[in-house]
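Down below is the structure, laid out as structure tokens.
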Amino acid sequence: MFSTDDVFQRLASSPFRQRFHLGPKEYEYCMNHGPDTVAQHAADFINRRLAPAQPQADGKQTPMRGHPVFIAQHATATCCRGCLEKWHRIPAHAEMTQTQQDYTVAVILRWIHQEMQRPAPAAKPRKAKPKKSDPQQMDLL
């Protein structure tokens, strides 16, 4: 494993990893639930989805949106065992130790903390739904 400072320095040079940011819903989720709850979710996700030696659907087990931890996992290359091995030197195909799990959660929480220091992202305006036309009327113009 690397120091978190080293990892964040290397992640900063990856255009793919740098494109991830918390959206309005995830930012609000963090504000409403607080750091303790988000930390518990991160620990639970890592324990259930990544810690086993052969995680179910490895490489596809982390959604790209829906929870701040999921976004953080992609931003920090803690989304699958392959990324953990490549970026963090946590061996794939071996059950993660508690120390490795704690390190992974710390990386995720550091990224979320950095994101929460940014101004809240603006909510995207909703697109208006097209009006349904009356099937009895035909618009010829």
Side-chain angles (χ1 to χ4, degrees), residues 1-139 141:
M1 291 183 301
F2 293 101
S3 75
T4 55
D5 290 338
D6 180 50
V7 167
F8 276 83
Q9 187 175 26
R10 290 185 309 112
L11 289 168
S13 67
S14 169
F16 176 75
R17 303 293 171 190
Q18 288 300 303
R19 75 179 193 172
F20 291 98
H21 295 285
L22 293 178
K25 289 180 183 178
E26 294 85 12
Y27 192 95
E28 185 178 335
Y29 184 93
C30 289
M31 293 297 290
N32 291 339
H33 290 86
D36 292 339
T37 300
V38 174
Q40 181 57 46
H41 290 172
D44 184 51
F45 292 157
I46 297 307
N47 180 269
R48 287 189 300 115
R49 294 172 179 249
L50 287 176
Q54 301 297 329
Q56 185 177 17
D58 193 27
K60 298 178 182 158
Q61 74 268 49
T62 305
M64 293 291 256
R65 59 182 160 268
H67 195 285
V69 172
F70 296 153
I71 297 168
Q73 284 183 265
H74 290 289
T76 60
T78 58
C79 46
C80 67
R81 294 305 296 269
C83 289
L84 280 169
E85 186 169 51
K86 176 182 176 180
W87 286 87
H88 302 276
R89 291 192 183 154
I90 295 175
H93 312 296
E95 189 170 334
M96 290 175 70
T97 66
Q98 190 59 52
T99 301
Q100 291 168 333
Q101 290 181 53
D102 293 344
Y103 162 84
T104 303
V105 170
V107 169
I108 290 167
L109 295 178
R110 177 174 168 175
W111 184 88
I112 291 174
H113 177 76
Q114 287 177 343
E115 283 290 298
M116 294 304 292
Q117 304 312 302
R118 296 165 45 106
K124 294 179 183 175
R126 298 185 120 198
K127 294 180 181 177
K129 292 183 180 179
K131 293 182 181 179
K132 292 183 179 179
S133 61
D134 184 357
Q136 299 290 328
Q137 246 180 346
M138 193 164 160
D139 186 10
L141 298 176

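The figures that follow rest on heavy atoms only: side chains count, while hydrogens, waters and symmetry mates do not.
Considering CG of Leu11 and CD of Gln18, their distance stands at 7.5 Å, rounded to 0.5 Å. The CZ atom of Arg17 sits 8.0 Å away from atom NE2 of His74, with the distance rounded to the nearest 0.5 Å. A distance of 13.5 Å separates CZ in Arg89 from CD in Gln100, rounded to the nearest 0.5 Å. Separating the CD atom in Glu28 from the NE2 atom in His33 is a distance of 10.0 Å, to the nearest 0.5 Å. Within the model, atoms CD of Gln73 and CG of Leu84 stand 8.5 Å from one another, a figure rounded to the nearest 0.5 Å. With rounding to the nearest 0.5 Å, the separation of CD1 in Ile90 from OG1 in Thr99 is 10.0 Å.
In terms of heavy atoms, Ala92 sits closest to Arg81 at CA-NH2, 3.9 Å. Summarising the geometry of Thr76 relative to Ala72, their closest heavy-atom pair is OG1-O, 2.7 Å, with the distance given to 0.1 Å. The two residues Met96 and Ile46 come nearest to each other via the heavy atoms CE-CG2, 4.2 Å. Scanning both residues, Pro121 and Pro24, for their nearest heavy atoms gives CG-N, 3.6 Å. Here the closest non-hydrogen pair linking Leu50 and Pro55 is O-CG, 3.8 Å.
By the side-chain contact (heavy atoms from CB on, under 4.5 Å) test, Pro52 is found to be paired with no residue, residues two or more places apart in sequence or in another chain being considered. The side chain to side chain donor-acceptor pair (under 3.5 Å) check on Tyr103 picks up His88, with sequence neighbours excluded. Not counting sequence neighbours, Ser13 has no partner by the side-chain contact (heavy atoms from CB on, under 4.5 Å) test. In this structure, the side chain to side chain donor-acceptor pair (under 3.5 Å) partners of Asp102, at least two apart in sequence or on a different chain, are Gln98.
In Gln9, the CD atom is not crowded: 12 or fewer heavy atoms of neighbouring residues, nucleotides or ligands sit closer than 6.0 Å.
Contact check for Val7 versus Arg10: side-chain heavy atoms found under the 4.5 Å cut-off.
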Practice task
Please step through side-chain contact (heavy atoms from CB on, under 4.5 Å) for the pair Met116 and Met31, ending with a clear verdict.
Solution key: CA-CA 9 Å; Met116 294 304 292; Met31 293 297 290; 3.4 Å; yes

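Looking at Arg118 and Glu115, a side-chain N of the basic residue comes within less than 4.0 Å of a carboxylate O on the acidic one, giving a salt bridge.
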Would you be so kind as to tabulate the donor-acceptor pairs closer than 3.5 Å made by side chains of residues 106-114, with sequence neighbours excluded?
{"from": "Arg110", "atom 1": "NH1", "to": "Thr4", "atom 2": "OG1", "distance (Å)": "3.1"}
{"from": "Arg110", "atom 1": "NH1", "to": "Asp5", "atom 2": "OD1", "distance (Å)": "2.8"}
{"from": "Arg110", "atom 1": "NH2", "to": "Asp5", "atom 2": "OD1", "distance (Å)": "3.2"}

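Sorted by first then second residue, the ring-ring contact (aromatic ring centres under 6.0 Å, His included) pairs that include residues 43-70, not counting sequence neighbours, are Tyr29-His67, His41-His67, Phe45-His67, Phe45-Phe70, His67-Phe70.
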